[in-house]
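Each remark here refers to the structure printed beneath this line.
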Amino acid sequence: MPSEDTVISCRNVWKLFGPHPEKFLKSMPDGMGYDEIAVAGYIAGVKDVTLDVSRGEMLVIMGLSGSGKSTLVRCLSRLHEITGGTVEVEGTDIGGLSERDLIELRRNKMGMVFQSFGLLPHRTVLENVAFPLEMRGQDRHARRARALEVVKLVGLEGREEYFPRELSGGQQQRVGIARSLAIEPDIWFLDEPFSALDPLIRREMQDEFLRLQEMLGKTIVFITHDFDEALRLADRIAIMKNGAVEQIDTPDQIVLNPATEYVAKFTEEIDKSRVVHAGVLVEEGAHPAGGDPVDAGATIQSLARRIVNDSADTIPVARDGKVIGAMPRAKALNVLLGGAG
Amino acid sequence: MLGVAVLLTVLRPWLPAGLVRIPEAWLLPWRDWIDVAFEFIRGDREEGRFGLIYITRALSGGLEFILDAVANVLYGKHRWPRIEQLPWPVITGCMAVLGYALGCWRLALLAGGTFLWAALIGQWDLTMETMSVIAVAAPFAFTIGGLLGIWSWKSKRVEETIKPLLLVMQVLPFFSYLLPAVIFFKVGPTAATVATIAYALPPMILMTTLGLKKVSPEVIEAGKMSGCSSWQMLRHVYIPSARTEIMVGLNQVIMLCLAMVVLTAAIGMPGLGAKLLAMMGSFKLGRSLEIGITIVLLAVTLDRLSKAWVVKQPEHFEKGTPWWRRNIYLVVGIASFVGLYLLSWVSQGLSNVNFEDLTWSNAHQYAGGVLDEVKRKQSMTQGRALDGQIKQFLAFDWVQSTTYAIRYFFNNFILIPSEKALLFVPTPAVILAVTALALGLGGFWPGLLALVFFCIVAEFGYWDRAMLTLHSVFMATFFAFLFGAPLAVWAARHEARARRLILLCDTFQTFPSYVYLLPAVMLFGISPVTVIISILIYTMVPVMRYTVEGLRGVPAEMVEAAEMSGATRSQKLWKVQIPLAMPTIAVGLNQALVFAFFMVIIAEFIGTRDLGQEMRKTLAGTHLGWNFVLGFSVVFMALTFDIAINAWAERRRKILGLA
């Protein structure tokens with residue numbers, strides 16, 4: 001339920017593509033599946049999605065191509081008009097905003113990064129980054145100063161006068177990121193920002209992204225089709241299939257307790273020990289045994305030696321230096337060795 | 001249907017006259033109707049009846065003012081701003097700098113060389129007269145076309161209305177542009193400019209709409225997320241992103257302007273076109289050749305410059321680059337403008353000084369005067385001498401006998417029999433045959449349109465002339481294929497050769513259609529064969545171009561698969577490459593037909609008996625109804641084939657999975 005800290009809140013959001021989507025949605029019987037809707041001549045881009053994103057959280061939306069993840073994020077920023085339901089941003093229903101208010105919202109609160117960068121080819125790096133500032137009418141001097149600052153932040157110093165086509169893919173995406181950050185948005189949408197990059201650069205950019213996020217602490221909706229990327233970055237992951245959210249939970253929970261078969265299939269190949277943290281395995285009632293407590297934020301993999309070598313049944317776990325309980329060693333071993341979880 | 005057509009033809013001698021040709025009595029007075037409607041729209045200034053003419057006459061005042069101002073600067077017409085003619089070295093120098101800025105030294109050489117040639121050959125004023133219309137018409141066409149393009153991109157309804165209109169405009173004979181322009185605007189440069197603008201509009205509209213539609217969705221979304229208002233979206237996102245297409249549109253505008261402005265000779269627009277017409281008319285071939293070369297050079301220069309502008313990408317400068325370095329071309333341009341202006345001013349002064357006392361005066365006087373203005377006696381034109389040489393060359397026995405033999409053969413064994421045959425066929429039979437063809441090619445709708453269109457042509461009442469037009473078009477296109485296709489197949493075998501042929505075709509395509517008359521006239525004099533030959537040369541360009549492109553466009557894996565299946569070269573060609581290239585070749589055929597319909601009307605300048613000649617007559621008066629009836633006869637015939645062939649190519653492409 002929406003709390004004080006909820007930034008984005010979706011309630012039963014639908015997005016149908018077809019000749020008369022609104023009429024169809026009204027007359028549609030409950031519980032109609034994706035395929036039945038398709039037979040009726042409509043495509044359910046987003047199908048009855050309800051989710052909240054809280055302040056400072058990074059929600060990763062994960063799904064294969066065509067699963068509706070890009071459509072969903074465009075509904076959140078009203079690049080698409082939704083067919084049914086509501087999307088609230090900081091308590092205002094953005095579906096009801098006038099054109100002018102919507103532009104205001106985007107100019108001050110939202111930033112977005114695109115898969116193939118979406119840079120304007122006729123503008124230099126600096127002009128691209130300053131573009132949103134220019135659009136909201138900031139004066140030349142101020143926007144130049146701010147743009148230089150962001151360009152420096154993403155590590156493109158010295159390239160300010162280059163044109164996009166003179167840059168590599170990774171550098172272009174840095175420009176895209178800088179542009180989306182120029183207006184200091186509260187909400188940051190990233191639509192598969194690293195998918196067009198080759199694997200080595202992708203890794204580097206992910207690190208860079210984590211560094212930025214640590215510094216800025218934005219509310220983020222991040223889209224990817226790469227499960228590893230999702231696990232690496234997310235606070236919570238929403239897994240989508242055919243327009244619907246299959247499961248939305250922390251990476252630990254998704255790996256340990258997949259809600260559906262579809263999610264389970266994704267997690268099969270994953271090395272769980274690298275995802276699951278000690279804190280998650282703490283059981284109530286398990287008595288802290290002897291030995292030094294391990295940190296709740298450590299992954300099971302990083303504790304492998306301890307888990308294998310320790311002879312006690314449970315290992316104490318501490319958060320911020322305070323012991324919060326103990327995790328059963330058998331459970332940790334299961335995660336580590338891939339036994340029946 | 002074809003059977004009925006054949007039957008009707010065979011039975012012709014026994015048919016009642018009404019089935020052979022539509023009886024006079026059945027023809028509706030289209031001409032008068034159009035005239036009446038047009039009179040009403042036009043209004044009348046003498047009677048004080050308000051109408052379109054009030055608006056257009058007001059507009060023509062403004063347009064004339066602009067034209068005069070440009071004319072003053074370019075060739076010294078005595079009008080505001082009274083700067084008087086810019087000396088030719090100034091324009092030549094600036095064009096060369098522009099060429100260098102857009103491309104490299106080769107482009108500079110081409111641009112500078114073209115204008116140098118025009119000056120030295122003594123055609124400076126003619127060239128400037130032609131250029132002054134382009135300089136005014138092209139920006140207008142660019143702006144109006146761009147705005148209409150944006151409008152038709154914004155509104156679905158506008159696009160749907162504008163599309164068929166553009167289709168008609170693209171096949172409308174140029175005479176039908178000229179007459180309304182003459183009636184609504186003043187004769188001379190004003191009407192010529194208006195006709196040129198109208199003629200250059202369609203590709204600009206199409207390219208703008210296409211470019212705006214092609215902007216990548218992510219760029220659009222990036223713009224929206226940056227908080228652009230809709231005006232900002234258009235100004236900062238859409239238009240810059242569609243730059244390439246818009247610039248290609250500009251290129252086409254300039255080329256069409258040149259093509260049309262040369263043709264406006266028909267309504268008394270002075271300049272290169274008029275001079276060429278006059279020279280060709282009096283069979284002064286050497287001087288025609290010189291003018292032809294000027295026109296061709298001008299076309300190539302304008303084309304290359306504007307194309308270089310299309311691909312020109314902005315470069316960044318290192319930080320701290322001084323202003324003059326960033327704008328080096330502008331600085332050099334201004335410097336050469338001022339420098340050359342001063343130089344020619346000094347030289348004008350020198351030429352006025354009497355140097356008789358000085359020993360080396362004559363050389364100076366000559367060199368001095370030339371930089372200001374190349375006078376009649378000073379030009380290097382060899383026109384008169386060339387006239388004689390060409391005449392001599394043509395008078396050689398073997399040349400004469402060869403051209404005579406070709407002419408004789410074509411005339412007596414091909415053209416005259418086929419023409420007679422086509423005229424022999426009863427009207428309903430032709431209509432049925434064309435309908436059957438369109439039905440077979442395109443399906444139901446193209447078939448129906450063919451039926452309707454040809455019935456209208458018959459109803460318009462210029463059937464025999466229409467058939468003569470059709471005959472020329474078909475014959476020329478047929479021979480263009482006969483000669484062009486094998487050449488293209490040969491060229492397509494090697495990458496480099498194919499590229500060279502395409503480059504050649506591209507260059508030829510930039511020539512205003514009018515100059516194609518020149519070689520035909522030179523070799524074959526003024527005869528029906530000349531008409532066919534000039535259309536043939538003109539239509540061979542698209543035939544070859546599209547054939548090469550089609551063949552080269554066949555996916556490499558398919559060709560390799562054929563090779564690995566052990567196909568010989570001819571098997572590969574006939575079983576794999578040609579079937580797959582057929583849709584593209586069909587588009588080439590279609591373009592060739594459209595070109596031929598255009599050219600056949602131009603060929604009227606050297607005398608034909610078809611619709612073109614009849615249309616020329618309408619220019620003498622204000623017979624807009626007559627003109628339109630003739631013009632639309634051409635339009636309907638051209639559209640019939642255009643629609644049918646395009647429908648076929650489209651369907652074929654879908655079947656082959658190439659679309």
Heavy-atom contact with chain A under 4.5 Å, split by part of B/Ser229: both
Tell me, side chain or backbone of [X] under 4.5 Å from chain B's heavy atoms, or both, or neither?
X        : result
A/Arg78  : neither
A/Phe117 : backbone
A/Gln115 : both
A/Thr124 : neither
A/Arg165 : side chain
A/Leu119 : backbone

Are the side chains of A/Lys69 and A/Glu192 in contact, using a 4.5 Å heavy-atom criterion? yes
Under 3.5 Å, is there a donor on one side chain and an acceptor on the other for A/Glu229 and A/Gln206? yes
Between A/Glu160 and A/Lys152, is there a salt bridge with N-O shorter than 4.0 Å? no
For A/Phe209 and A/Trp188, I'd like to know if the aromatic rings sit close, meaning centre-to-centre distance below 6.0 Å. yes
Correct closest heavy-atom pair for A/Ser54 and A/Thr219 would be O-CG2, 3.6 Å
Please report the shortest heavy-atom distance between A/Leu197 and A/Arg202, naming the atom on each side. O-NH2, 3.2 Å
Heavy-atom pairs under 4.5 Å with chain B: which of A/Glu99, A/Arg74, A/Glu134, A/Arg123 has the most? A/Arg74
